[in-house]
Amino acid sequence: MILVLGGLWIGQNVNLLPADASANAPVYDELFRVLFSIGTILFIGIVGLVIFSLIRFRRRPSQRGDGLAIEGNLPLEIFWTAVPAIVVLFVGLYSYDIYDRMGGMTPLNHGMDHSAPMHDPSPPDENGERVWGGIGTSSIQAKDGGAIAAVPIEVTAMQFAFLFRYPQGDFISGELHVPAGKPVSLRMEAKDVIHAFWVPEFRLKQDVIPGQPTVLNFTPTRPGTYPIVCAELCGPYHGGMRSSVVVDDPESYEAWFNANNTLEVADA
Amino acid sequence: MTVSLTPQGEQHRPSLQPTGWLRYFSFSVDHKVIGLQYLVCGFLFYLIGGALAGAIRTELVSPMSDFMPRDVYNQVLTLHGTVMIFLWIVPVVNGAFGNYLIPFYVGARDMAFPRLNAVAFWLIPPAGLLLISSYFITGAAQSGWTAYPPLSTTTAASGQVIWILSVLLLGGSSIFGGINFIATVLKLRRPGLKLMQLPMYCWAMLGTSILVVLSTPVLAGTLILLSFDIVAHTGFFNPGLGGNVVVYQHLFWFYSHPAVYIMVLPAFGLVSEILPVHCRKPLFGYATMVYSIMAIVVLGLVVWAHHMFTSGTPPWMRLFFTIATAFIAVPTGIKFFNWLATLWGGRIALNSAVLFSCGFIINFVLGGITGVALAQVPFDVHVHDTYFVVAHFHYIVYGGTVFVIFASIYHWYPKVTGRMLNETLGRLHFLLTFIGFNLCFAPQHWLGLNGMPRRVAEYDPQFAFINQLSSAGALLMAISTLPFLWNVVDSAFRGEIAGDNPWNALTPEWLTSSPPPVENWEGEAPLVHEPYGYGVPIDQIDLAAASGSDLWSSGK
Amino acid sequence: MTSLKPSSTDVASSATDHAHQDHRMFGVATFLVADAMTFAGFFAAYLTFHAVNPLQPDAIYELELPLPILNTVLLLVSSATFHKAGQNLRKGANQVCRQWLMLTAVLGLAFLVSQMVEYFTLPFGLTDNLFASTFYALTGFHGLHVTLGALMILIVWWQCRTPAGRVTSENQFPLEAVELYWHFVDGIWVVLFLILYLI
Ligand code: HEA
Ligand code: HEA
Ligand code: CUA
Ligand SMILES: [Cu+2]
């Protein structure tokens, strides 16, 4: 009991994660706390058993004989087959649910079809190119039930930099700016080798693969500047392949966007 | 080998076999000699791999890339991963202990195919030297031990091709070894010995060898395709020519996930041999152990895509692989609880072998728990390719398998040399290793969660302190090797004489002289039906004297 | 493996003695399982490429069937002739066995020749596109197996030239091993033919 409660307490109160800055980060942290609690309980329990056995059952100098000849115990064995099975099943279902809430189960091409033709002058899927897995929906439900369209951004990764193109304003930026509270849809493609787009504060990562565009959708929540890290070995300067994402509040985003916009008529 | 001990049988022996020290440097067909060759050769490569790890940790003391050039760092980490996996863990837990022990356990005088066995061993040193030499000749491969294209096809070709060649040789060696183990366990059993009476290590090696035979060839095929891409400029994995880079990852992990069980199942087997002897108790739950090994083999073949959750795999695939992966915790858990129950109520001798085995249990459980967490897609999306993963697998490969290798050396050293290792030095070794190891790798979990990717020579300065902790741990681990080396060398000459069976063990390798004669037994091999027949039968215990906890475990 | 020869004095310790059993065929079979997995890897790669990386329309090329069908027939017949050779060896008819062996080897070589002819008439080269590369990798790897097989057949053919040679009705191992291998290579071809030419 103490073990379980202690484990739960540690799991809930020891925070090992960086700040959360996207809509799915709190969801993620929920999963993390559950996993951490279960893990702590199991770990402390087993370590405790080992240490207890080593002390309690150590061979004392006076003892010559053997231990008990216990070959097995069926109920006990069934018990410890069942418990992990249940735990694993629970964790599996739970993380499925989390994954679903993060938007992982949304069919991808569907998401793209929605956002792309609306704003993008040249829909990425024009030549029937397949878009590969990513995470997240590209539109979120607004309070009134309607969907807010995502901000489309095209990401190009190359040795050793990320480039962000804003098709709505037809300009390229070396730094990613996104508006807080609005969904963002990244369409990513690599020029040379595999890279990975990772923002630890968003708890999101997606490989950027040459020849296979991938999408990544998220909704930033907390304004601030966060690092973008390349997480896939891509050559000598892999460690230096970093950038940053600036989450602006909607007004400053608008200002930044208009300052860079190269299209004459900003359509609605 | 099946030569009998009669004089006539002796004449059949290949007469060119050298004797004495020289035989360890020759094409010997004696399984014990081959086993030791694997062990010593593997250990030398461990020192090389460890020195490379030392270079990695030195570079990471500071956030800048200042100790070595960036591309050299990538070469070093590629060599470190490759050497540790293909030249240390796999040859030692399979080749070394497998060759030494399996013939004893099945009651045979040698492996099923002694020459193939020697060939398998002798593929290793040249392959290893080839790999290491590539660093000095042309610069080693620099795309990680996973060699993902297009990186592996666009970096310096010669290093990568040499890497492929040596991994192919090592894979071949491991396939030959696997065939030999399967044939020995299944076909060479002494008449009258049933499968379910074999020591657990035989089952572990059977399972491992099945994985080797089914998965290593796929790696070979994949690497052949990769080398075509490099040498002949085909486009299998080159998107510019219509190829597909993710297919490589599927094929690679189809081998390399089972490979992790190739690295750990034999270690499970070894622990199952060591614990009962020193706890003076039968191995708990023999039958469920066997089934769980086989379950791990089957499940291990269908979980590979958990390394690719961010590679753009379709959602259904991620879901399937999450569930399958997490389920491996169930059979593995059975084994762990069985070991705990073996400890429970035993008369445990707290010697170095037991300490290392228990260290293994503790470390592996942590590594396994982080593994199950990694299997959850949403969790993995955050920590994939970060130091969290590095921490996960070092907890398993080092905290698990390497600890078991040390435990096994303490356990079987008297068998091999006839002398005991020094216990004090052994415990010192354990203490230093355990502390150093945890100091080195526990902080890496935090690093990964907070944003430090793996395979980087330079990193965000906010991580500097934790990295320095980790490097200090690595230094301690390096230091911990010294008492061990001294112990092993010194005891070979001056160690206490062990006698034939210092542990009073019942498994067949102890029922002969130490060190054993060339054909394993003078005269007939013993028929061991109960390799774990230790202990006081339950109906003989004095109920009044026994405490409640003793009874708990006996199920009364 | 000298020790595998049965020796009557071994009976004394025959409880642990396995001299009377020959596990080498078991080893060969296990090896072929491993080899099959190599092919399985290639097939899986090919099928995945096929499914997810459609070629540009101008790169799609209909393979001619006559030559591959001839090849299939050649290999299937050679399996049968090898079987005949084995039967005759067991009967002790060494010379007849050798004739069948030679026929098998010739069929195998004919296969290789016809494969070469196909290679030279194909309108695409190794690096033209993904399909071409995979095509050559698969057929080439298989062709390598056939070449090795044909060589081994010729070696066995040489080894059973006298009734007292290395391969006799008492020691059939080399012949049996090569026979199993040959059937295996033929089987692989059939799968390969189905996948590569018919899908
Ligand atoms: C010997 C080696 C070994 C072993 C045995 C394992 C075992 C496991 N591994 Fe690990 N793994 C590696 C070596 C190993 N791994 C390596 C080298 C990598 C990185 C490769 C690279 O990218 O370079 C890796 C990476 C890796 C990943 C990919 C991470 C990423 O790159 O994003 C994942 C994801 O699922 C994973 C999962 C698991 C799981 C679930 C197990 C399970 O088998 C663990 C099961 C064990 C337990 C769970 C503990 C005991 C059980 C109990 C006490 C029962 C109760 C427990 C519960 C109910 C949870 N591993
Ligand atoms: C399989 C077994 C295995 C083992 C045992 C180890 C052991 C160690 N590993 Fe390794 N490691 C891997 C397998 C293994 N590793 C793999 C597969 C990778 C991934 C590679 C990749 O990304 O491609 C990796 C990657 C890896 C990294 C990440 C690199 C990066 O991503 O940038 C780090 C960093 O800390 C590390 C550290 C260590 C340390 C400190 C040890 C220590 O435990 C080592 C302790 C041993 C010693 C210290 C030896 C002592 C002896 C001497 C020092 C004597 C001196 C030598 C001579 C005189 C010749 N390893
Ligand atoms: Cu780009 Cu690493
Ligand atoms: Cu894995």
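All values below come from the heavy atoms of this structure, side chains included, with hydrogens, waters and symmetry mates left out. Each chain gets a letter, A, B and so on, in the order the sequences are listed, and its residues count up from 1.
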Indicate the atoms forming the closest heavy-atom contact of G178(B) with V212(B), along with that distance.
CA-CG1, 4.5 Å

Does any heavy atom of chain B fall under 4.5 Å from the side chain of A40(C), the backbone, both, or neither of them?
neither

Specify which of N238(B), V246(B), V218(B) makes the most heavy-atom pairs with chain C at under 4.5 Å.
V218(B)

Sidechain N-carboxylate O distance under 4.0 Å for E176(C), R90(C)
yes

By a 4.5 Å heavy-atom criterion (distance strictly below it), what part of L219(B) contacts chain C: side chain, backbone, both, or neither?
neither

Identify which part of I175(B) has an atom lying under 4.5 Å from any heavy atom of chain C, answering side chain, backbone, both or neither.
side chain

Interchain contact, Y255(B) with chain C, by part (heavy-atom threshold 4.5 Å):
neither

Please give me the minimum heavy-atom distance between P217(B) and T38(C), naming the atom from each residue.
CB-OG1, 3.1 Å

Of the listed residues (S133(C), A137(C), G41(C)), which shares the most heavy-atom pairs with chain B below a 4.5 Å separation?
S133(C)

Between F26(C) and chain B, with a heavy-atom cut-off of 4.5 Å, which part of the residue counts as in contact: side chain, backbone, both or neither?
side chain

Which answer fits I182(B), side chain, backbone, both or neither, if we ask what part of it has an atom under 4.5 Å from a heavy atom of chain C?
both

Which bit of T48(C) is near chain B, if near means a heavy-atom gap under 4.5 Å: side chain, backbone, both or neither?
side chain

With a 6.0 Å cut-off on the ring centroids, do H31(B) and F104(B) count as close?
yes

For F176(B), is it the side chain, the backbone, both or neither that has a heavy atom under 4.5 Å from a heavy atom of chain C?
side chain

Quick check for you: to the nearest 0.5 Å, what is the distance between L301(B) atom CG and I210(B) atom CD1?
9.5 Å

Roughly how far apart are F49(C) CZ and L130(C) CG, rounded to 0.5 Å?
5.0 Å

Parallel, tilted or perpendicular, as decided by the 30° and 60° cut-offs, for the rings of H257(B) and H307(B)
tilted

For the aromatic rings, using the six-membered ring if either is Trp, is the centroid distance between F254(B) and H250(B) under 6.0 Å?
no

Does any heavy atom of chain C fall under 4.5 Å from the side chain of V247(B), the backbone, both, or neither of them?
side chain

